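Scroll down for the structure; my scribbles are underneath it.
Residue numbers start from 1 in every chain, and the chains themselves are labelled A, B, ... in the order their sequence lines are given, proteins ahead of strands. Since this is a predicted model, take the numbers as computed values, not measurements.
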There are 2 protein chains.
Amino acid sequence: MTSLSARLPEQLRRESQSASCTGCIGRSLNLCGSLTDAQLPELVALGGRRQWRRRDILFRAGDPITNFFKITRGLVAVSRTLDDGRRQIVALRIAGDCVGFLHTDGRYTFEGHAITDVEACAFSRRRFDELAQRYPALAAATADALVRAQREAGELVAAMGRLRSTERVAYFLAKMHALYASRFGDSATVDLDMNRGEIGDYLGLTIETVSRSIAKLKKRGLISLPHGNEVVIENIDGLRELGNFGP
Amino acid sequence: MTSLSARLPEQLRRESQSASCTGCIGRSLNLCGSLTDAQLPELVALGGRRQWRRRDILFRAGDPITNFFKITRGLVAVSRTLDDGRRQIVALRIAGDCVGFLHTDGRYTFEGHAITDVEACAFSRRRFDELAQRYPALAAATADALVRAQREAGELVAAMGRLRSTERVAYFLAKMHALYASRFGDSATVDLDMNRGEIGDYLGLTIETVSRSIAKLKKRGLISLPHGNEVVIENIDGLRELGNFGP
DNA sequence: CGCGGCATTGACATTGATCAAAAGCTGTGG
DNA sequence: CCACAGCTTTTGATCAATGTCAATGCCGCG
């Protein structure tokens, strides 16, 4: 089983237990090769570890931006809520990703909340920016992470604009499968950690439509739901094709 | 009247007529203050100016990425086309913006095509990356541009996921109005340069639905269409509110 | 056991897509 | 200047997909 809230690989576990966050920022931005801790003594003092429970808010849209967060455990939803309460999750981030980096006039553009229990390092945005000025590799890694994030956002736009409900759910499941595989190794079983409402808020659908779409995928033999929120991917190729999930 | 294809501000006109692209990359990335041409002699030889006609392709998804482009004139759509022909525009970019920067395994992630006639400078991606390694301000400006782009992508996701058709068109018009205002100064009149099909591909709607939505906005007195594709914004506050277009 | 939260299912309403036709516009050639 | 072809837009009549509302079922927990 692949679950964010359980059984982390050893590397991540060690990282998330270290008192300082020296390693985590380097690793998160794929700097392992180019920057060592010795080269960046400033990083030692930079990050503070924090924890949140399911449904807790990491940061609110409109609040002055002071920190961004590098997730070391759990699943975070980045979202926007309209005045009338309609909510849209614009990105999902897991261990290794950064959230709270986007800003509009010095304020968080979106809201971040914990889908599962979450641990993350908080970094001072100001000091990080100063550091990036001095260490080109850090800036390059930041740009890289942003490029990746934007690619994903574009794909989500395409899914929302052009896929119908069942295709969108297939896209979502294929994406979660790929996401977990990239961190925890391949596995046919994906523990969603999200309820129907949260999936709907991510895909622009209602709870009922998500539920019905999952039922359709089950009937088509692409997935099965042995128990709880655990999804077994029975046919990943079919799922990816239906969801137009690129290579 | 505000039109991308006509009457550029003098600064942009001068820039787009200079033989080299020295200035354009600096300006595009908001480096005016921090880097001068004298500090970056390498930039002189970096960019080559190119032109495209309406509907021409700047770059195709999947092609090996060699250049990115800094637009000096016109409107470019960044899009993705599904296997069955459904198309989704994931971003619109105008003079001053860069396109073709996103990549997946060394290949363009999306397609870029000219909505209007377009002029742009093509920069070698490899050499730009080298340069960014040496000039932190360039890297910082790149990160800044990426943050801005991602904020917009997130807003588009929210619009696609949670707004209904007429609201989406209102969002689109408010966005175009703001976009043009930021470059060419405020004006009640916006020349869309996009036909109904292209608007539909941006908003995830059909031609007919776009047409009907525009008719509704007209009837509500939010806009008027004196002639051609020229839209007069009669009530920008109402339009922004309906389209949930943030501040 | 019974309660609370979430998921499923059904009936119905609404939205937007689809199909088809008519109306405008634009440029060309007589 | 008009007539016509080729295009885009508008409008109308349906239809299918999804949202909405309501009822029921399921499951874990006190």
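Using a 4.0 Å cut-off, some side-chain N or O of B:Ser165 falls inside it from OP1 or OP2 of C:dG16.
Comparing atom distances between the B:Arg164 side chain and each of C:dG16, D:dT9, D:dT18 picks out C:dG16 as nearest.
Rounded to whole angstrom, the span from the CZ atom of B:Arg54 across to the C1' atom of D:dC7 amounts to 12 Å. In this structure, A:Glu198 places its CD atom 15 Å from P of C:dG5, rounding to the nearest Å. The CD1 atom of B:Ile207 sits 13 Å away from the C1' atom of C:dC19 (whole-angstrom rounding). Between A:Asn195 atom CG and C:dG4 atom C1' there is a gap of 14 Å when expressed in whole angstrom units. If you take CG of B:Asp201 and P of D:dT8, they are 13 Å apart, rounded to a whole angstrom. Spacing between atom CG of A:Asn229 and atom P of D:dG28 amounts to 12 Å, rounded to whole angstrom units. Counting to the nearest Å, the P atom of C:dC6 and the CD atom of A:Glu230 are 19 Å from each other.
Between the side chains of A:Thr189 and A:Glu230, no donor-acceptor pair is found at a separation under 3.5 Å. Between the side chains of B:Thr109 and B:Thr104, at least one donor-acceptor pair of N or O atoms lies under 3.5 Å.
Heavy-atom nearest nucleotides on DNA chain C were determined for A:Arg196 and for A:Arg162, and the one closer to the 5' end corresponds to A:Arg196.
As judged by a 4.0 angstrom heavy-atom cut-off over every strand, A:Gly200 is placed among residues making no nucleic acid contact.
Taking 4.5 Å as the limit, some side-chain heavy atom of A:Arg183 sits within range of a side-chain heavy atom of A:Asp97. A:Gln150 places a side-chain heavy atom less than 4.5 Å from the side chain of B:Leu102.
If you run salt bridge (Lys or Arg N to Asp or Glu O under 4.0 Å) between B:Glu119 and each of B:Arg50, B:Lys70, B:Arg73, only B:Arg73 comes through.
The shortest non-hydrogen separation linking B:Arg80 to A:Ala158 is CD-CB, 4.1 Å.
Looking at residues 208-225 of chain B, you'll see B:Glu208, B:Thr209, B:Arg212 sit with a heavy atom under 4.0 Å from some atom of DNA chain C.
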